[in-house]
Amino acid sequence: MSTNQRNGQASPTVRAFAHIAEKIHKTVRKRGTPGMPESRIRRILPGFLLPAVVLAVWEVATIFSLVPPQLLVPPESVFQCLVRLAVSGVLWENLRVSLSLVLLGFTWGVLGGIAVGALMATFQTVDRLVHPLIQAIRQIPLFGWLPFLILLFGIGREFKIVFIGLSTFYVMVVNAYDGVKSVSSEHLEVSRIFGIGYFRRFTEVIIPEAMPSIFTGLKTGLSLSWMTVVGAEMVAASLGVGYLMNYSRTMFEYDVVYAMVFVIGVIGFLMNLVVNRIERHVLRWRTTYRSSE
(Lines give C-alpha, C1' and ligand atoms only; values in the text may rest on other atoms or scores of the structure.)
Protein backbone atom coordinates (compact mmCIF):
# COMPACT_ATOMS: atom_id res chain seq x y z
CA MET A 1 0.00 0.00 0.00
CA SER A 2 1.36 3.44 -0.92
CA THR A 3 2.14 6.27 1.54
CA ASN A 4 -0.90 8.24 0.36
CA GLN A 5 -3.15 5.28 0.97
CA ARG A 6 -1.71 4.63 4.48
CA ASN A 7 -2.18 8.28 5.42
CA GLY A 8 -5.78 8.20 4.24
CA GLN A 9 -5.10 10.57 1.33
CA ALA A 10 -6.67 10.18 -2.09
CA SER A 11 -4.53 8.79 -4.89
CA PRO A 12 -3.21 11.11 -7.65
CA THR A 13 -5.84 9.77 -10.07
CA VAL A 14 -8.74 10.56 -7.75
CA ARG A 15 -7.33 14.01 -6.90
CA ALA A 16 -6.89 14.80 -10.60
CA PHE A 17 -10.46 13.80 -11.47
CA ALA A 18 -11.82 15.73 -8.48
CA HIS A 19 -9.88 18.84 -9.56
CA ILE A 20 -11.17 18.59 -13.14
CA ALA A 21 -14.76 18.06 -11.96
CA GLU A 22 -14.53 21.07 -9.64
CA LYS A 23 -13.19 23.28 -12.45
CA ILE A 24 -15.97 22.19 -14.81
CA HIS A 25 -18.61 22.77 -12.16
CA LYS A 26 -17.35 26.29 -11.36
CA THR A 27 -17.09 27.21 -15.05
CA VAL A 28 -20.61 26.00 -15.82
CA ARG A 29 -22.08 27.79 -12.79
CA LYS A 30 -20.37 31.12 -13.47
CA ARG A 31 -20.25 31.48 -17.26
CA GLY A 32 -21.61 28.39 -18.93
CA THR A 33 -19.61 26.79 -21.73
CA PRO A 34 -18.95 29.10 -24.72
CA GLY A 35 -20.72 27.91 -27.82
CA MET A 36 -22.61 25.18 -25.96
CA PRO A 37 -26.18 25.69 -24.67
CA GLU A 38 -26.78 24.98 -20.99
CA SER A 39 -29.41 22.36 -21.87
CA ARG A 40 -26.80 20.46 -23.84
CA ILE A 41 -24.38 20.61 -20.91
CA ARG A 42 -27.05 19.13 -18.67
CA ARG A 43 -27.53 16.29 -21.15
CA ILE A 44 -23.80 15.55 -21.40
CA LEU A 45 -22.72 15.78 -17.75
CA PRO A 46 -24.86 12.86 -16.45
CA GLY A 47 -23.03 10.60 -18.90
CA PHE A 48 -19.86 11.09 -16.82
CA LEU A 49 -21.57 10.09 -13.59
CA LEU A 50 -21.43 6.30 -13.98
CA PRO A 51 -17.77 6.24 -15.16
CA ALA A 52 -16.87 8.41 -12.16
CA VAL A 53 -18.67 6.00 -9.82
CA VAL A 54 -16.92 3.01 -11.42
CA LEU A 55 -13.55 4.76 -11.08
CA ALA A 56 -14.24 5.55 -7.42
CA VAL A 57 -15.26 1.96 -6.64
CA TRP A 58 -12.20 0.71 -8.52
CA GLU A 59 -9.92 3.01 -6.53
CA VAL A 60 -11.47 2.02 -3.19
CA ALA A 61 -11.17 -1.67 -4.05
CA THR A 62 -7.46 -1.30 -4.79
CA ILE A 63 -6.76 0.91 -1.75
CA PHE A 64 -8.29 -1.57 0.70
CA SER A 65 -7.08 -4.65 -1.25
CA LEU A 66 -10.63 -5.97 -1.68
CA VAL A 67 -9.42 -7.70 -4.83
CA PRO A 68 -5.96 -9.23 -5.29
CA PRO A 69 -3.66 -6.66 -6.96
CA GLN A 70 -2.68 -9.28 -9.53
CA LEU A 71 -6.27 -9.16 -10.83
CA LEU A 72 -7.29 -5.54 -10.26
CA VAL A 73 -4.57 -3.05 -11.15
CA PRO A 74 -4.84 0.43 -9.55
CA PRO A 75 -6.20 3.14 -11.89
CA GLU A 76 -3.02 5.22 -11.61
CA SER A 77 -0.93 2.24 -12.74
CA VAL A 78 -3.18 1.83 -15.80
CA PHE A 79 -2.87 5.55 -16.57
CA GLN A 80 0.92 5.44 -16.25
CA CYS A 81 1.04 2.38 -18.51
CA LEU A 82 -1.13 4.16 -21.10
CA VAL A 83 1.21 7.15 -21.08
CA ARG A 84 4.25 4.87 -21.39
CA LEU A 85 2.75 3.03 -24.37
CA ALA A 86 1.82 6.31 -26.06
CA VAL A 87 5.23 7.92 -25.54
CA SER A 88 7.12 4.82 -26.74
CA GLY A 89 4.96 4.61 -29.89
CA VAL A 90 3.79 1.05 -29.18
CA LEU A 91 0.18 2.18 -28.79
CA TRP A 92 0.09 4.13 -32.06
CA GLU A 93 1.74 1.35 -34.09
CA ASN A 94 -0.76 -1.25 -32.90
CA LEU A 95 -3.69 1.14 -33.33
CA ARG A 96 -2.58 1.91 -36.88
CA VAL A 97 -2.60 -1.77 -37.80
CA SER A 98 -6.02 -2.43 -36.23
CA LEU A 99 -7.71 0.65 -37.67
CA SER A 100 -6.37 -0.01 -41.19
CA LEU A 101 -7.84 -3.53 -41.05
CA VAL A 102 -11.17 -2.14 -39.86
CA LEU A 103 -11.22 0.43 -42.67
CA LEU A 104 -10.61 -2.15 -45.40
CA GLY A 105 -12.90 -4.84 -44.01
CA PHE A 106 -15.69 -2.42 -43.14
CA THR A 107 -15.53 -0.84 -46.61
CA TRP A 108 -16.00 -4.07 -48.55
CA GLY A 109 -18.65 -5.26 -46.10
CA VAL A 110 -20.65 -2.04 -46.50
CA LEU A 111 -20.40 -1.86 -50.29
CA GLY A 112 -21.15 -5.53 -50.80
CA GLY A 113 -23.98 -5.55 -48.25
CA ILE A 114 -25.71 -2.47 -49.70
CA ALA A 115 -25.42 -3.84 -53.26
CA VAL A 116 -26.85 -7.26 -52.38
CA GLY A 117 -29.58 -5.84 -50.12
CA ALA A 118 -30.68 -3.26 -52.69
CA LEU A 119 -30.76 -5.83 -55.50
CA MET A 120 -32.83 -8.22 -53.37
CA ALA A 121 -35.30 -5.47 -52.48
CA THR A 122 -35.56 -4.16 -56.05
CA PHE A 123 -35.80 -7.36 -58.09
CA GLN A 124 -38.14 -10.09 -56.94
CA THR A 125 -36.26 -12.78 -58.86
CA VAL A 126 -33.00 -11.92 -57.10
CA ASP A 127 -34.83 -11.89 -53.77
CA ARG A 128 -36.20 -15.39 -54.35
CA LEU A 129 -32.81 -16.75 -55.38
CA VAL A 130 -30.57 -15.07 -52.79
CA HIS A 131 -32.74 -14.51 -49.72
CA PRO A 132 -32.86 -18.16 -48.52
CA LEU A 133 -29.08 -18.48 -48.88
CA ILE A 134 -28.42 -15.23 -46.99
CA GLN A 135 -30.79 -16.24 -44.19
CA ALA A 136 -29.14 -19.66 -43.88
CA ILE A 137 -25.54 -18.38 -43.91
CA ARG A 138 -26.14 -15.59 -41.40
CA GLN A 139 -27.18 -18.19 -38.80
CA ILE A 140 -23.58 -19.39 -38.65
CA PRO A 141 -21.78 -17.73 -35.70
CA LEU A 142 -19.21 -15.24 -36.91
CA PHE A 143 -16.30 -16.94 -35.17
CA GLY A 144 -17.48 -20.24 -36.65
CA TRP A 145 -16.00 -18.97 -39.92
CA LEU A 146 -12.49 -18.75 -38.43
CA PRO A 147 -11.22 -22.28 -39.26
CA PHE A 148 -12.58 -22.04 -42.81
CA LEU A 149 -11.11 -18.57 -43.45
CA ILE A 150 -7.74 -19.50 -41.97
CA LEU A 151 -7.69 -22.57 -44.20
CA LEU A 152 -8.41 -20.42 -47.27
CA PHE A 153 -6.34 -17.31 -46.56
CA GLY A 154 -3.88 -18.34 -43.88
CA ILE A 155 -3.34 -16.10 -40.84
CA GLY A 156 -2.20 -13.01 -42.72
CA ARG A 157 -3.83 -9.68 -43.43
CA GLU A 158 -6.28 -11.04 -46.02
CA PHE A 159 -7.92 -13.37 -43.53
CA LYS A 160 -8.63 -10.53 -41.11
CA ILE A 161 -10.02 -8.22 -43.82
CA VAL A 162 -12.44 -10.90 -45.04
CA PHE A 163 -13.41 -11.79 -41.47
CA ILE A 164 -14.10 -8.16 -40.54
CA GLY A 165 -16.04 -7.61 -43.76
CA LEU A 166 -18.29 -10.58 -43.01
CA SER A 167 -19.30 -9.04 -39.69
CA THR A 168 -20.54 -5.95 -41.53
CA PHE A 169 -21.87 -7.62 -44.67
CA TYR A 170 -24.89 -9.38 -43.13
CA VAL A 171 -25.92 -6.30 -41.15
CA MET A 172 -25.78 -4.11 -44.24
CA VAL A 173 -27.71 -6.63 -46.36
CA VAL A 174 -30.59 -6.65 -43.87
CA ASN A 175 -30.67 -2.88 -43.35
CA ALA A 176 -30.31 -2.02 -47.05
CA TYR A 177 -33.05 -4.52 -47.87
CA ASP A 178 -35.41 -3.08 -45.24
CA GLY A 179 -34.55 0.49 -46.25
CA VAL A 180 -35.27 -0.02 -49.95
CA LYS A 181 -38.44 -1.98 -49.19
CA SER A 182 -39.70 0.92 -47.03
CA VAL A 183 -39.49 3.46 -49.89
CA SER A 184 -42.85 5.12 -50.43
CA SER A 185 -44.73 3.66 -53.39
CA GLU A 186 -46.26 7.11 -54.02
CA HIS A 187 -42.80 8.62 -54.50
CA LEU A 188 -41.85 5.86 -56.92
CA GLU A 189 -45.07 6.34 -58.87
CA VAL A 190 -44.53 10.11 -59.13
CA SER A 191 -41.00 9.53 -60.42
CA ARG A 192 -42.37 7.19 -63.09
CA ILE A 193 -45.05 9.70 -64.10
CA PHE A 194 -42.37 12.35 -64.65
CA GLY A 195 -40.41 9.91 -66.81
CA ILE A 196 -37.41 9.65 -64.53
CA GLY A 197 -35.16 6.78 -65.58
CA TYR A 198 -34.33 3.89 -63.28
CA PHE A 199 -30.79 5.06 -62.47
CA ARG A 200 -31.95 8.54 -61.44
CA ARG A 201 -34.89 7.05 -59.58
CA PHE A 202 -32.53 4.76 -57.69
CA THR A 203 -30.02 7.48 -56.79
CA GLU A 204 -32.46 10.36 -56.16
CA VAL A 205 -35.49 8.60 -54.68
CA ILE A 206 -34.70 5.11 -53.41
CA ILE A 207 -31.28 5.63 -51.83
CA PRO A 208 -32.17 8.89 -49.99
CA GLU A 209 -35.30 7.31 -48.49
CA ALA A 210 -33.37 4.18 -47.52
CA MET A 211 -30.53 6.14 -45.87
CA PRO A 212 -31.97 6.13 -42.30
CA SER A 213 -32.03 2.34 -42.32
CA ILE A 214 -28.61 2.19 -43.99
CA PHE A 215 -27.10 4.44 -41.32
CA THR A 216 -28.49 2.15 -38.64
CA GLY A 217 -26.62 -0.67 -40.33
CA LEU A 218 -23.46 1.45 -40.62
CA LYS A 219 -23.38 2.13 -36.89
CA THR A 220 -23.99 -1.50 -35.99
CA GLY A 221 -21.56 -2.75 -38.62
CA LEU A 222 -18.78 -0.40 -37.53
CA SER A 223 -19.11 -1.54 -33.93
CA LEU A 224 -19.03 -5.17 -35.02
CA SER A 225 -15.98 -4.50 -37.22
CA TRP A 226 -14.06 -2.99 -34.32
CA MET A 227 -14.95 -5.88 -32.00
CA THR A 228 -14.15 -8.43 -34.72
CA VAL A 229 -10.67 -7.07 -35.44
CA VAL A 230 -9.79 -7.34 -31.75
CA GLY A 231 -10.98 -10.95 -31.68
CA ALA A 232 -9.17 -11.83 -34.91
CA GLU A 233 -5.91 -10.31 -33.64
CA MET A 234 -6.18 -12.38 -30.48
CA VAL A 235 -6.35 -15.53 -32.59
CA ALA A 236 -3.63 -14.86 -35.15
CA ALA A 237 -1.56 -11.66 -35.36
CA SER A 238 1.81 -10.18 -34.59
CA LEU A 239 0.59 -6.59 -34.29
CA GLY A 240 -2.64 -4.87 -33.33
CA VAL A 241 -4.62 -3.91 -30.26
CA GLY A 242 -6.02 -7.42 -29.79
CA TYR A 243 -2.57 -8.99 -30.16
CA LEU A 244 -1.05 -6.56 -27.65
CA MET A 245 -3.78 -7.28 -25.12
CA ASN A 246 -3.52 -11.06 -25.52
CA TYR A 247 0.30 -11.04 -25.43
CA SER A 248 0.29 -8.91 -22.28
CA ARG A 249 -2.11 -11.35 -20.64
CA THR A 250 0.27 -14.25 -21.28
CA MET A 251 3.12 -12.17 -19.83
CA PHE A 252 1.01 -11.22 -16.76
CA GLU A 253 1.24 -7.51 -17.66
CA TYR A 254 -2.28 -6.75 -16.49
CA ASP A 255 -1.77 -3.00 -16.51
CA VAL A 256 -1.37 -3.23 -20.31
CA VAL A 257 -4.50 -5.41 -20.56
CA TYR A 258 -6.57 -2.84 -18.64
CA ALA A 259 -5.07 0.00 -20.70
CA MET A 260 -6.02 -1.76 -23.95
CA VAL A 261 -9.57 -2.37 -22.70
CA PHE A 262 -9.82 1.38 -22.05
CA VAL A 263 -8.41 2.21 -25.50
CA ILE A 264 -10.81 -0.20 -27.24
CA GLY A 265 -13.78 1.39 -25.47
CA VAL A 266 -12.70 4.95 -26.27
CA ILE A 267 -12.04 4.18 -29.95
CA GLY A 268 -15.42 2.47 -30.27
CA PHE A 269 -17.13 5.46 -28.66
CA LEU A 270 -15.38 7.89 -31.02
CA MET A 271 -16.31 5.78 -34.06
CA ASN A 272 -19.97 5.87 -33.08
CA LEU A 273 -19.74 9.62 -32.44
CA VAL A 274 -18.29 10.26 -35.91
CA VAL A 275 -20.98 8.19 -37.66
CA ASN A 276 -23.70 9.98 -35.67
CA ARG A 277 -22.31 13.35 -36.78
CA ILE A 278 -22.22 12.24 -40.42
CA GLU A 279 -25.75 10.87 -40.14
CA ARG A 280 -27.09 14.17 -38.77
CA HIS A 281 -25.40 16.04 -41.62
CA VAL A 282 -26.51 13.69 -44.40
CA LEU A 283 -30.06 13.30 -43.08
CA ARG A 284 -30.60 16.93 -42.12
CA TRP A 285 -33.38 17.00 -44.74
CA ARG A 286 -35.49 14.84 -42.41
CA THR A 287 -35.74 17.65 -39.85
CA THR A 288 -36.73 20.15 -42.53
CA TYR A 289 -39.26 17.72 -44.01
CA ARG A 290 -40.84 16.94 -40.64
CA SER A 291 -41.03 20.59 -39.60
CA SER A 292 -42.89 21.42 -42.82
CA GLU A 293 -45.54 18.77 -42.26
Side-chain angles (χ1 to χ4, degrees), residues 95-123 126-127 129-182 202-203 206-208 210-237 239-243 264-265 267-279 282-283:
L95 267 180
R96 181 188 63 79
V97 171
S98 297
L99 290 175
S100 65
L101 290 172
V102 169
L103 177 63
L104 294 172
F106 178 72
T107 300
W108 92 252
V110 167
L111 296 178
I114 291 177
V116 172
L119 286 172
M120 289 168 57
T122 305
F123 301 105
V126 177
D127 191 17
L129 289 173
V130 179
H131 197 273
L133 179 63
I134 293 292
Q135 290 300 322
I137 293 178
R138 65 187 289 251
Q139 305 307 316
I140 302 173
L142 185 60
F143 280 84
W145 288 99
L146 276 178
F148 179 67
L149 294 178
I150 291 175
L151 183 64
L152 283 180
F153 300 101
I155 59 173
R157 186 179 176 87
E158 294 79 9
F159 140 70
K160 300 181 189 67
I161 293 173
V162 174
F163 187 53
I164 294 165
L166 277 177
S167 68
T168 305
F169 177 77
Y170 300 122
V171 175
M172 294 310 304
V173 168
V174 173
N175 282 273
Y177 180 87
D178 292 341
V180 174
K181 280 290 188 183
S182 66
F202 184 79
T203 56
I206 296 176
I207 288 298
M211 285 305 292
S213 181
I214 290 175
F215 265 106
T216 300
L218 288 174
K219 287 184 281 189
T220 305
L222 187 57
S223 297
L224 287 173
S225 295
W226 181 233
M227 290 186 285
T228 302
V229 73
V230 174
E233 289 170 345
M234 286 183 173
V235 174
L239 271 177
V241 174
Y243 163 78
I264 290 169
I267 295 297
F269 174 80
L270 293 176
M271 285 179 173
N272 189 69
L273 189 66
V274 169
V275 177
N276 281 332
R277 290 289 180 90
I278 296 173
E279 180 184 21
V282 173
L283 302 183

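In this chain, residues are counted from 1 in sequence order.
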V241 meets the side chain to side chain contact (heavy atoms under 4.5 Å, CB included) criterion, sequence neighbours left out, with L95, S98, W226, E233, M260, I264
I140 meets the side chain to side chain contact (heavy atoms under 4.5 Å, CB included) criterion, sequence neighbours left out, with W145
Would you call [X] and [Y] a side-chain contact if the rule is heavy atoms closer than 4.5 Å?
| X | Y | answer |
| --- | --- | --- |
| M271 | V102 | yes |
| F106 | T228 | no |
| I137 | Y170 | yes |

Applying ring pair (Phe, Tyr, Trp, His ring centres under 6.0 Å) to F143 and not counting sequence neighbours gives F163
Which residues share a ring pair (Phe, Tyr, Trp, His ring centres under 6.0 Å) with Y177, sequence neighbours left out | H131
Which atom of [X] lies closest to which atom of [Y], heavy atoms considered:
| X | Y | value |
| --- | --- | --- |
| A176 | G117 | CB-CA, 4.1 Å |
| F202 | P208 | O-CD, 4.4 Å |
| F169 | W108 | CD1-CZ3, 4.3 Å |
| M172 | V110 | CG-CA, 3.8 Å |

Check the pair R157 / S100 against side-chain contact (heavy atoms from CB on, under 4.5 Å), numbers first and verdict last.
-> CA-CA 10 Å; R157 186 179 176 87; S100 65; 3.6 Å; yes
Please answer whether the main-chain N or O of G179 pairs with a side-chain N or O of S182 as donor and acceptor at a distance below 3.5 Å.
-> yes
Using atom types as modelled and distance alone, determine if a side-chain donor or acceptor of S213 lies under 3.5 Å from a backbone N or O of N175.
-> yes
side-chain contact (heavy atoms from CB on, under 4.5 Å) assessment of K160 paired with V229 = CA-CA 7 Å; K160 300 181 189 67; V229 73; 5.6 Å; no
To the nearest 0.5 Å, what is the distance between [atom1] ([X]) and [atom2] ([Y])?
| X | Y | atom1 | atom2 | answer |
| --- | --- | --- | --- | --- |
| I164 | T107 | CD1 | OG1 | 10.5 Å |
| F269 | L273 | CZ | CG | 5.5 Å |
| I161 | L101 | CD1 | CG | 6.0 Å |
| L166 | L146 | CG | CG | 10.0 Å |
| D127 | I134 | CG | CD1 | 10.5 Å |

Identify each donor-acceptor pair in which a side-chain atom of residues 214-224 lies under 3.5 Å from a protein atom, sequence neighbours left out, and give them as a table.
from: T216; atom 1: OG1; to: P212; atom 2: O; distance (Å): 3.1
from: K219; atom 1: NZ; to: N276; atom 2: OD1; distance (Å): 3.4
from: K219; atom 1: NZ; to: E279; atom 2: OE1; distance (Å): 2.9
from: T220; atom 1: OG1; to: T216; atom 2: O; distance (Å): 3.1
from: S223; atom 1: OG; to: K219; atom 2: O; distance (Å): 3.1

Partners passing side chain to side chain donor-acceptor pair (under 3.5 Å) against Q135 (at least two apart in sequence or in another chain) | R138
